[in-house]
K.L.:
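If you scroll down you'll find the structure; I have some questions about it.
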2 protein chains.
Amino acid sequence: MDDQLSRVFSALADPTRRDMVARLAVADAGVNELAEPYDVSVQAVSKHLKVLEEAGLVSRSRQAQRRPVHLEAEVFDLMTKWIERYRRQAEERYRRLDDVLAEMDTEKDPRTDTARGAS
Amino acid sequence: MDDQLSRVFSALADPTRRDMVARLAVADAGVNELAEPYDVSVQAVSKHLKVLEEAGLVSRSRQAQRRPVHLEAEVFDLMTKWIERYRRQAEERYRRLDDVLAEMDTEKDPRTDTARGAS
DNA sequence: GGTTTGCTCAACCGCAAGGTTGAACAAGGA
DNA sequence: TCCTTGTTCAACCTTGCGGTTGAGCAAACC
């Protein structure tokens with residue numbers, strides 16, 4: 001868990017943390033406020049927030065005794081870029097495979113080598 | 001770690017597994033083949049593949065003794081949908097905040113309440 | 001039938017993650 | 001100054017993860 005991408009994916013692997021992100025997308029919130037709907041201690045929520053913060057998903061300011069939590073949307077780009085890259089690559093490969101299959105279909109020829117189990 | 005989204009994020013939180021996905025985006029591969037570049041046992045790689053498979057990121061067929069691993073790109077949609085949803089929501093909120101600030105700026109008026117530290 | 005190849009299962013180990021409780025700290029309010 | 005509110009720190013417990021080794025299994029090869 002060294003690089004940021006690992007931290008972000010790992011942070012979002014937890015349903016409670018994903019739910020927090022979902023709620024923070026609507027409005028900033030304090031720790032107690034965030035903890036309210038969950039059946040865990042405030043300390044546990046504080047830990048979750050630390051994880052989100054270290055992943056860069058969230059930032060915190062100070063407002064009297066409160067530490068409002070704010071969602072940082074930029075990090076999402078890191079993930080989408082990674083995902084899209086390999087998705088595209090995989091789909092491209094799929095497309096090429098389709099081409100090959102289509103070509104094999106058009107050149108229906110007795111010499112066509114079907115013995116290698118390319119299906 | 002019950003729902004699929006958790007499984008997918010969790011699976012991709014590991015750098016080795018991400019690298020495997022990256023390589024599988026280029027071409028299908030067997031377990032030994034996949035294990036080759038890493039400094040871990042084949043069994044460890046087999047475990048990683050199980051994680052990827054249970055997340056739906058990968059599927060396996062049978063070809064003689066080999067169990068070729070194939071990347072399944074559809075699951076990526078699950079993630080991007082989740083990410084985009086909240087990213088958009090957060091950005092929308094940001095946009096509205098800008099509107100509010102802009103409005104506060106245009107109505108530069110002695111009665112404007114700047115004492116609440118909205119900056 | 002026995003061996004090699006490719007892979008998985010089982011048991012174990014060390015460590016980090018997520019939870020708890022109890023104490024501490026920081027900033028307002030009485 | 002003392003109390004209350006909001007949050008974090010510290011110590012601890014249990015569970016799960018990533019790694020290991022050793023055995024087992026399935027399919028091809030000799």
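These values consider heavy atoms only, across backbone and side chains, with no hydrogens, waters or symmetry-generated copies. Every chain is numbered from 1 and lettered A, B, ... according to where its sequence line falls, protein lines coming before strand lines.
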K.L.:
Is the shortest side-chain heavy-atom distance between A:Val58 and A:Glu72 below 4.5 Å?
P.N.:
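Not in contact.
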K.L.:
Specify the residues of residues 45-54 of chain A, ordered by number, for which at least one heavy atom lies under 4.0 angstrom from an atom of DNA chain D.
P.N.:
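DNA chain D contact set from residues 45-54 of chain A: A:Ser46, A:Lys47.
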K.L.:
CE of A:Met20 to NE2 of A:His48: how many Å apart, nearest 0.5 Å?
P.N.:
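Between atom CE of A:Met20 and atom NE2 of A:His48 there are 5.5 Å.
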K.L.:
Measure CG/A:Asp14 against C1'/D:dT15 and give the value in whole Å, please.
P.N.:
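Rounded to the whole Å, the gap is 14 Å.
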K.L.:
C:dT5 phosphate, OP1 or OP2: any side-chain N/O from B:Asn32 under 4.0 angstrom?
P.N.:
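It does not, given that no N or O in the side chain of B:Asn32 lies less than 4.0 Å from OP1 or OP2 of C:dT5.
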K.L.:
Nearest whole angstrom, please: distance from the P of C:dA16 to the CZ of A:Arg7.
P.N.:
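So the two atoms are 15 Å apart, to the nearest Å.
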K.L.:
Using 4.0 Å as the upper bound for N to carboxylate O, is an ion pair formed by B:Glu54 and B:Arg7?
P.N.:
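Not counted as a salt bridge, because no side-chain N and carboxylate O are separated by less than 4.0 Å.
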K.L.:
Looking at residues 57-69 of chain A, who's got a heavy atom less than 4.0 Å off DNA chain D?
P.N.:
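Listed by number, they are A:Arg60, A:Gln65, A:Arg66, A:Arg67.
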K.L.:
Side-chain contact, heavy-atom cut-off 4.5 Å: B:Arg67 with B:Leu49?
P.N.:
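No. Closest side-chain heavy atoms not under 4.5 Å.
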K.L.:
Between CD1 of A:Ile83 and CE of A:Met79, what distance do you get to the nearest 0.5 Å?
P.N.:
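Result: 6.5 Å between the selected atoms.
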K.L.:
Return no unless some side-chain N or O of A:Ser41 is found under 4.0 Å from OP1 or OP2 of C:dT20.
P.N.:
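Affirmative; the distance criterion is met.
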K.L.:
For a side-chain contact (heavy atoms from CB on, under 4.5 Å) with A:Leu71, tell me which candidate from A:Leu24, A:Leu52, A:Asp28, A:Val26 qualifies.
P.N.:
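For A:Leu71, the side-chain contact (heavy atoms from CB on, under 4.5 Å) check succeeds only for A:Leu24.
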K.L.:
Starting from the 5' end of DNA chain C, give me the residue, A:Gln43 or B:Glu33, whose nearest nucleotide shows up first.
P.N.:
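The residue closer to the strand's 5' end, by nearest nucleotide, is B:Glu33.
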K.L.:
Of all the choices, C:dC7, C:dG22, D:dT21, which nucleotide is nearest to the side chain of B:Val31 once you look at every atom?
P.N.:
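That would be C:dC7.
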K.L.:
Between B:Glu91 (side chain) and B:Arg88 (backbone), is there a donor-acceptor pair under 3.5 Å?
P.N.:
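Not a single qualifying donor-acceptor pair exists.
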K.L.:
May I ask you to decide if the ring planes of B:Phe76 and A:Trp82 are parallel, tilted or perpendicular, using 30° and 60° as cut-offs?
P.N.:
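Answer is perpendicular, since the angle exceeds 60°.
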